[in-house]
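Accompanying notes for the structure given below.
Any value given below was found using the heavy atoms of this structure, including those in side chains, with hydrogens, waters and symmetry copies removed. To find a chain, count down the sequence lines: A is the first, B the second, and so on, and within it residues start at 1.
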Amino acid sequence: MRFRVIKAYFVKELFELVRTKIIIMPYLLPIMIVVLFGFGIRMQVTGARILIIDNDHSKISTMLTQKFQHSKYFNTRVSNESEADALREIKKANVDAIIIIPPSFEKNVLKNVKSELGIFIDASFPSRANTLETYIGGTVLNLANEMNMKSGVISLNNRNLFNQALRDEEMIVPGLLGLVLFVAPAILTALIIAKEKEKGTIFNFYSSSVSKLEFLMAKLSAVFALHSLNVFILFLLVVYLFDLPFRGNFFLYWLSSEIYILVSLGLGLLISILVSTQILAVVLTLMLTILPAFLYSGILMPISSMSAEAYVIAHVYPVMYYNHIVYDVFLVGNGFESTKIIEYLLLLTLYAVGFFLLGLLLLKKELKS
Amino acid sequence: MAYLKIEELSVSHKNRVAISGLNLEANKGEIIGFVGADGAGKSSALNAIAGVIKFDAKITFDNVVYTNPKESQKLKPVMGYMPQGIGLVLYDTLSVAEHLDFFADIRDLKKDLAFEEYKKRLLSMSGLSAFLDRQAGDLSGGMMQKLSLICTMLHRPSLLILDEPTTGVDPLSRLELWDILKQNAKEYDMVALISTAYMQEAQKMDRVLLFDEGKVISEVNDKSVSLENLFFENAKKNNKLLPTINISPAKNALKKNEVVMNAKKITKKFGAFIANEKVDIQLKSSEILGLLGANGAGKTTFIKMLLGLLKIDEGELYLLNKKISSANDRKELKSKIGYVSQHFALYDDMSVRENMLFFASMHKIDAKKSVELINKYSMELGFNDYLDKMPKDLPIGINQRFSLATAILHEPIILFLDEPTSGVDVIARAQFWKLLKELKEKMGMAILITTHYMSEAEFCDRVVLLKDGKKVADDSVENFYERFANAKNFEEIFLEFYK
């Protein structure tokens, strides 16, 4: 391996990226994805329009109504209209949910007799309806706790997710790092190798004594250098723009991110071996990275609750291993003490080395015939 | 033992044999030409010798044997290979100086005094010394090729392999390319293998291999032999001569020498760049007008304006004395013009008949008449046996005829041909010109043809020379020869304008 050859390609690559202005891409793309997705995906519900029909008019029913009125999650209106009228309001989409407090609600509650609240939720968006249901349940249980009621008196689903719910930013943004650092380095790698094939300059490699290792080292190191900076830019973005805590070890964050970039470079390299045009390189890389990194990374759906096939896919993609580490360093802070994290770190290293060796093996220093 | 020895070389692409049974021996300082049409197997042979494609052969160079690309790696330091395509190995955004540095680095050359001397010499021979800071993307085609060549020769390879280095390059740059090549190849005892589509360049080689359809048909040492004749003889021997052409005269042929199209002071600008500046041109019926010029001289832009495909920035265009101004006029213009593009814009997945029917319906010719026309032209142009074949299965000569027939289905009065003979073998080229002559005489068509083969200018009635977007000459071929009495051929006349 001759350092001079690598340096020549490395410098040439940077000149080209700067002069064709493609240098913007490695920085613009990740920032765009993190900002757009980070602000764009909202799973929590605020200001849901609730209509409460209080048929009891007692102290407890008023307390319950007030609980709803004081919550930022609800925009509450109390009314005396009939159930049928209220349902019509839901149909017109004027109201998101109706809560009907039955007559003698207070009497039953005080006697510890089971009492049922009627709840109607507009379920045209199922996931929003689910969240709303949980919130309403939480609010009611909150009251029950305050009044030291025996559980089960007010019949409701007893999942108390409400108070533990993370902010959306905390749920989603760390996962986006796993997305962008998987997509962006792969695209750039695939692009700068496919470009040489498409243009014909690949002949300079084919017809000279430049070795496969030198060629790959040069190409990959250029992309690696550019994206290493992203590790810091993304960190600042997450901590300052999205106001996330950072509870873990920065060295762990840095190390795992750099290894993860190497994994992505390897994937880009493998794609570039398959294709010979830039457009195909970009399309194929996007297809192979962005969707799986989003769907199977645990951002939207916990991996533990995936079906068998999805569970396997999620484990084949390296994204979930990195995401586990990133969630840890931002939100938990177990760091190197967790054996799982050490295990995942080693797995990522294995992916990186494996992809690179496979690429080195498959790369041919000759034309496809 | 010969310095370079190639035994039984063959290359296949998927199931198609590109070249087979090539044998060659060469000594130090020899320049060997590979001559033949596109698809004859030259590039495959050169790729194989350069070790950049899978092949079957035993190649010995300087006592080192290689039988596959992997084994050729040990010879890469002494090889120089320049693949086909203008500026193919150059990086658009790197400057001339940066290219030389890059190639010196990847070749791991010692930057001593001798190297600097050699580099300086290459730069001055190629006339690039003054353009060290210019980016490759901003160089002309000729300059790009010169830069590619000196980059390929920078490490003084002892085996130099060049695939059509001069194709598409203007005649002056072509001469310079040959100078650089010959002087250095001889001085440094290189073995040079050079392919070309220009028969005249064979004169500059020490020895020539003639390629046709994946075989070497002959090896020629004697420079007095006409290569064209050898190709004809080979075609005759293999029974490959195409059917004859017999066009029936058109009933409503135009009068001779009537001006059908008149372009006055036509200008086209792309930003600050002037592609065409005040070009006048007259097309007359029954006349073949050759539009000649180097790459980037503005030929294609000019044709596109005449076709109504590009807006004319300044100047006027008249068709049969009627000024073309509105969109409707341009539509009318298109219906009077037949166009054959550089790459025959035909559909590969439709048979010849289907292609022709499609183009006929595009010109709103009714079905019954279309069928009649297709039968008539396919008989007269001798491709009726091929009507149900796919375009890619046709011999190139038949492909040309059928493209031409398709372009004249709507009975245009003007026919535009954009480099129709580029990369076509000698025989097909000769036949094509015969066909054009028939069209001109029997149908009275005005024909405008662009070409970069200077030798073809001789077949035209009148020649217009473009240089840097301007018209520098417009005269009949006889008058050109009268004006430059010393010129042996049209290439020399052309050079007079380029000096």
Side-chain angles (χ1 to χ4, degrees), chain A residues 1-25 191-219 221-222 273 276-278 360-369, chain B residues 11-14 16 18 43-44 46-55 68-70 72-95 98-99 101-111 135-137 148 151-152 154-155 157 159 161 163:
Chain A
M1 209 163 72
R2 293 163 299 179
F3 180 68
R4 185 178 176 194
V5 175
I6 297 177
K7 191 183 143 208
Y9 260 106
F10 184 90
V11 170
K12 180 218 77 161
E13 226 52 71
L14 290 188
F15 276 170
E16 278 193 299
L17 286 172
V18 170
R19 289 178 190 168
T20 53
K21 303 197 175 62
I22 289 181
I23 189 89
I24 300 168
M25 199 181 84
L191 204 60
I192 64 171
I193 297 179
K195 186 180 178 189
E196 297 238 9
K197 284 197 195 174
E198 187 175 331
K199 281 270 300 163
T201 45
I202 192 85
F203 275 104
N204 295 334
F205 160 55
Y206 288 164
S207 64
S208 68
S209 54
V210 175
S211 73
K212 293 205 291 185
L213 186 63
E214 285 163 347
F215 182 73
L216 288 189
M217 285 305 272
K219 288 275 178 189
S221 61
I273 288 170
S276 43
T277 60
Q278 296 180 71
L360 194 62
L361 188 75
L362 292 180
L363 179 73
K364 289 275 178 295
K365 220 185 140 180
E366 61 190 78
L367 288 168
K368 272 185 199 156
S369 65
Chain B
V11 176
S12 304
H13 299 293
K14 299 206 172 90
R16 201 175 56 81
S43 290
S44 298
L46 293 178
N47 275 332
I49 299 166
V52 298
I53 199 169
K54 252 191 212 79
F55 62 89
N68 58 45
K70 205 163 188 179
S72 75
Q73 293 307 320
K74 48 192 185 263
L75 283 168
K76 291 278 152 109
V78 297
M79 273 190 200
Y81 177 47
M82 180 170 152
Q84 187 179 351
I86 291 194
L88 195 81
V89 296
L90 304 180
Y91 302 94
D92 283 348
T93 53
L94 293 198
S95 69
E98 284 161 354
H99 270 97
D101 285 339
F102 175 73
F103 278 87
D105 283 339
I106 66 165
R107 292 288 185 179
D108 213 0
L109 302 180
K110 222 196 261 151
K111 286 187 174 167
Q135 293 187 0
S148 304
C151 286
T152 309
L154 200 60
H155 60 296
L159 177 58
I161 301 167
D163 196 0

*asked:* Let's test your reading of the structure: which of B:Asp101, B:Ile161, B:Asp92, B:Ile106 forms the most heavy-atom pairs below 4.5 Å with chain A?
replied: B:Ile106
*So which of B:Met82, B:Gln135, B:Met79, B:Lys70 has the biggest tally of heavy-atom pairs under 4.5 Å with chain A?*
B:Gln135
*For atom NZ of B:Lys74, decide whether the heavy atoms of other residues, nucleotides or ligands shown that lie under 6.0 angstrom number more than 12.*
yes
Segment of [X] engaging chain A (4.5 angstrom heavy-atom cut-off):
| X | answer |
| --- | --- |
| B:Pro83 | side chain |
| B:Ser95 | backbone |
| B:Phe103 | side chain |
| B:Leu75 | neither |

*Select one option (side chain, backbone, both, neither) describing which atoms of A:Tyr9 are under 4.5 Å from chain B's heavy atoms.*
both
*pair A:Arg19-B:Leu94: side-chain heavy atoms closer than 4.5 Å*: yes
_Non-hydrogen side-chain atoms of A:Phe203 and B:Asn47 separated by less than 4.5 Å_ = yes
*Separation between CG of A:Asn204 and CG of B:Leu88, rounded to the nearest 0.5 Å*: 9.0 Å
*With sequence neighbours left out, which residue pairs that include part of residues 77-91 of chain B fulfil the salt bridge (Lys or Arg N to Asp or Glu O under 4.0 Å) condition?*
none
Sidechain-backbone polar pair: [X] side chain, [Y] backbone, donor-acceptor under 3.5 Å:
| X | Y | value |
| --- | --- | --- |
| A:Arg2 | B:Asp105 | no |
| B:Lys76 | A:Tyr206 | yes |
| B:Asp108 | A:Val5 | no |

*Flag the one option from A:Glu16, A:Lys12, A:Lys364 with the top tally of heavy-atom pairs under 4.5 Å to chain B.*
A:Lys12
*Are a donor atom and an acceptor atom from the side chains of B:Tyr91 and A:Glu196 found within less than 3.5 Å of each other?*
yes
*Of the non-hydrogen atoms in A:Arg4 and B:Lys110, which two are nearest, and what is the gap between them?*
NH1-N, 4.5 Å
